[in-house]
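Lettering of chains follows the sequences in order, A, B, ..., and the numbering in each one begins at 1.
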Amino acid sequence: MNISLNMNYMKIQKLTIALCILIFAASCGGLGSENETGTQKTTKKNKAEKEKPEADPKGIGEVENVNLTDPLNENMIESGKAIYEMKCASCHKLGQDRVVGPGFADITNRRRPEWIMNMITNTDVMLEEDPVARKMLEECLTRMPNQGLTIGDARDVLEYMRKNDMKQVGKKDQAVKDEQSS
Amino acid sequence: MTVLAVGITALLFSACKQNGSVKDATSAVKGDAAEEVYVAPGEYDEFYAFLSGGYSGNITAYGLPSGRLLKEIPVFSKYPENGYGYSEETKPFFNTSYGEVPWDDAHHIELSQTDGKFDGRWLFVNANNTPRIAKIDLQTFKTTEIIEIPDVAGLHCAPFITENSEYLVSGTRFSVPMPQKDVPIDSYKENFQGRVNYVSVDQETGEMSLSFQIQMPGFNYDLARNGKGVSHGWTFLTTYNSEEAHTMLEKNASQRDKDLMAVINWKKAEEHLEQGKGKEQKTSYYHNVMDESTGIVESEVKKSTTLLNPGDCEGMVYFVPVPKSPHGCDVSPSGEYLIGNGKLSADMTVFSFSKLKQAIENEQFAGDHNGIPIIDYEASLHGVLKEAGLGPLHTEFDGKGNAYTTFFISSEVVKWDLEETTVVDRKETYYSPGHLTIPGGETKEPYGKYLLAMNKITKDRYLPTGPELAHSAQLYNIEGEKMELILDFPTKGEPHYAQAIPADMIQPGVKKYHKLEENEHPYVAKGEGKAKVVRDGNEVHVYMTAIRSHFAPDNIEGIKMGDEVYFHVTNLEQSWDVPHGFTVQGAHEGGLLVMPGETLTLKWEPVKPGVFPFYCTDFCSALHQEMSGYVRVSPKGSDVELQWSLDEES
Ligand SMILES: [Cu+2]
């Protein structure tokens, strides 16, 4: 310890903590999520293996299988948009930028639909037990709240996310397609 | 003379207490008492106990047997802790025909009943000073309604519930000129009257409405209970001051050897009402109801009541004599026994309902009071519990044939056999208990197990806190033949009465948050995109949202001196236990504590130009300190435009 510098130990500890927070916060920001998206295809599997071998790409919760259909269902999109605006928009924007939580752009290409819906409806368990969600929490420091959505509501929001991905990055559902192709 | 004797005994008693109390109390506790009240961390209590707060105006919820304070529920008093009575939504709760009355003296708890048993739907409590009855919703533990009771004074005798929550019955503690008018006080006998009031309860919503009142002689109506089982349909009210004295009641209202207990057949009253015997009376009283979908309290002024006069309504009202100034009558679980608590008499009078009814049928009357028949005392008597202690006050039951009575003057609880009217056991209390409660002890099927005595005098029970002390309560295990003192804890305000109910009758239905979709507040912002600021003359309405850990908007400019700013804060969270607080520098109306999905409004009138912070007062998240914003106030007539933003986006 740098006690010779005549600085009080507590102060240093506080400083270190503050610094750590800063670093984490930055990695939760736009940069962090961009990185993750950019290297998605090549690193996703490796990363999962390295961290926790048993990480389930579908997450943990009631949602085990989601049937993605095309073309997009406009009724679901409309309902999903309304829910998003009321219950999510204060923390998630539609683009890449993080506000409180990560921006939603590209999410269906990064995460499986089951994972997304479990994250929305089984939030507390996901934040405790799912390694990917847990890591995000460690970076963002704010707990994503369970916003009381039913499975049906979450499915509507997912449909809206798929539409948003087409608009933001020109492709959707890539997380499922990747899995199928590998 | 008797009064003096009693006073001296009381003195002697408290003198003894002063000397050896710590020792006495310790030796009164068995070795395994701690185990009996220990609720391990993470585990729950077996019962909710709701204690009235007396002059705090509020109610507290405790867990039994641990004595953990779970919550203080504000009812008749403003409560800065959560903004109750400060928020624009809740201010109208205090509207009365006397203007705004943001305080009262809350006495008796009544849990709603179905078939003579607690059902866990609502809780009712009375305000003594400015007569009112409030309803608390047991899903949210929030006050949702307050009704004023007109033409009475001192609503001590309230709000006693009937077997199926048909009515909340109350009586006037003080008789007053009727209608209220400027008359000499010594014209009491000529001008003063009493009222017994029947407030009906809507079985769907719990909404109260003053159904009818009964005109009564100018006595002091003290306490009441309704019949159950065999005596369902009847109300029994103890009274004092049958002398109709108006001064030095201490002496003048205790002249007679016996006072009168009123016996009212309310089913008969309903029949008379149906036959059109009720007379419209002009009056004025407030009814304040919270709309569940908005959280907004609306006041309505009611202009008349329906009055029944016993003279026109045969078979509706009787009296029966009871020993001197009884304080309350309690009805046994079967409904057969009515216990008159002597207060100034050492005896407890036990009436038999079936004998009473028989006496009415046989017209065994010993005269009348203003035409109201007085039933023969001997003919209705079941027995007398002789000299069980000094100053008997209140009685409850264990459902196993025993009654338990507090004795104020001799500081004890006495267990006695109802059928035999003999004492079974007695235990000291510390000191001078008022009411006691046994879970379900007032119903057809008491749960028994525990007895909580609420004491009026604390003295040396706890570490001293100066001249002013918290009132003490003591918990006894009553499962065995002998009562065991197992816990002692301080309480809030002056608990008068309490009722306790098994936790599993409430816990499963407790609401965890308000659904945003169901929020119909006129100033709700359902989503951050709906946040905005709107000027309407000198009123500025801020539609604000709160979520961990920011407000939207968080920069507001264009407020001018002379504006009234209304911050309507909607908490967008949708999970349990994530309230957000809101306050702004210099706020005269305290702060808000907004539950998830709820909208609450704080009114703010700036007093000087400048830039003032607002912030979240609830430690809601790791970034709670960051949850803040600024409002800029400009001089009157300034040309700063109204604008608002979050993260520099409008
Ligand atoms: Cu907050």
Side-chain angles (χ1 to χ4, degrees), chain A residues 14 17-18 20-22 24-26 28-30 78-95 97-101 103-104 119-128 136-154 156-157 160 164, chain B residues 511-521 524-532 543-554 569-580 594-599 616 618-629 644-650:
Chain A
K14 267 192 198 152
I17 292 172
C20 291
I21 291 177
L22 267 177
F24 276 133
C28 174
E78 198 181 319
S79 147
K81 179 169 188 278
I83 295 168
Y84 162 78
E85 284 172 356
M86 177 157 69
K87 296 184 167 182
C88 325
S90 40
C91 297
H92 296 284
K93 298 298 163 207
L94 295 173
D97 286 348
R98 169 195 174 233
V99 218
V100 181
F104 277 162
M119 179 71 185
I120 299 170
T121 54
N122 195 30
T123 317
D124 283 322
V125 174
M126 285 288 283
L127 289 178
E128 288 310 316
M136 245 189 302
L137 170 63
E138 278 163 17
E139 291 168 0
C140 292
L141 286 172
T142 292
R143 275 185 89 88
M144 147 103 177
N146 184 324
Q147 287 290 71
L149 271 62
T150 61
I151 303 278
D153 292 341
D156 292 350
V157 172
Y160 180 56
N164 182 52
Chain B
K511 199 168 189 169
K512 298 188 166 159
Y513 63 90
H514 303 280
K515 289 208 166 98
L516 260 181
E517 291 88 343
E518 291 166 11
N519 181 332
E520 284 171 23
H521 194 290
V524 65
K526 289 193 191 180
E528 207 163 281
K530 304 271 167 41
K532 62 182 174 185
Y543 296 63
M544 183 177 272
T545 63
I547 196 143
R548 68 196 92 168
S549 311
H550 63 277
F551 292 109
D554 70 357
V569 184
T570 301
N571 182 344
L572 291 179
E573 307 274 353
Q574 288 290 274
S575 41
W576 200 20
D577 199 18
V578 203
H580 289 290
V594 193
M595 294 304 126
E598 189 182 37
T599 305
C616 172
D618 184 87
F619 206 119
C620 56
S621 67
L623 295 170
H624 153 73
Q625 281 298 84
E626 283 72 5
M627 191 160 177
S628 60
W644 64 93
S645 62
L646 168 69
D647 212 5
E648 289 167 17
E649 283 174 39
S650 306

query: Which residues pass the side-chain hydrogen bond (donor to acceptor under 3.5 Å, both in side chains) test with B/Asp647, sequence neighbours left out?
result: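 B/Asp647: no side-chain hydrogen bond (donor to acceptor under 3.5 Å, both in side chains) contacts found.
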task: Find the distance between CZ (B/Phe551) and CE (B/Met544) and round it off to the nearest 0.5 Å.
output: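 Between atom CZ of B/Phe551 and atom CE of B/Met544 there are 6.5 Å.
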task: Between chain B and each of A/Leu149, A/Thr142, A/Val99, A/Ile83, count heavy-atom pairs under 4.5 Å; write down the option with the most.
output: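 Of the options given, most contacts go to A/Thr142.
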message: I'd like to know which of B/Lys530, B/Lys512, B/Glu517 tops the heavy-atom pair count under 4.5 Å against chain A.
response: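 Of the candidates given, the most pairs with chain A belong to B/Glu517.
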message: Does A/Glu78, at its CD atom, have more than 12 non-hydrogen atoms belonging to other residues, nucleotides or ligands within less than 6.0 Å?
response: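 Result for CD/A/Glu78: open.
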query: Looking only at heavy atoms, what is the nearest atom pair of B/Pro579 and B/Cys620, with distance?
result: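 Closest approach of B/Pro579 to B/Cys620, heavy atoms only: O-CB, 3.9 Å.
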query: Can you say whether B/Ile547 sits under 4.5 Å from chain A via the side chain, the backbone, both, or neither, judging by heavy atoms?
result: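 Answer is side chain: those atoms of B/Ile547 sit under 4.5 Å from chain A.
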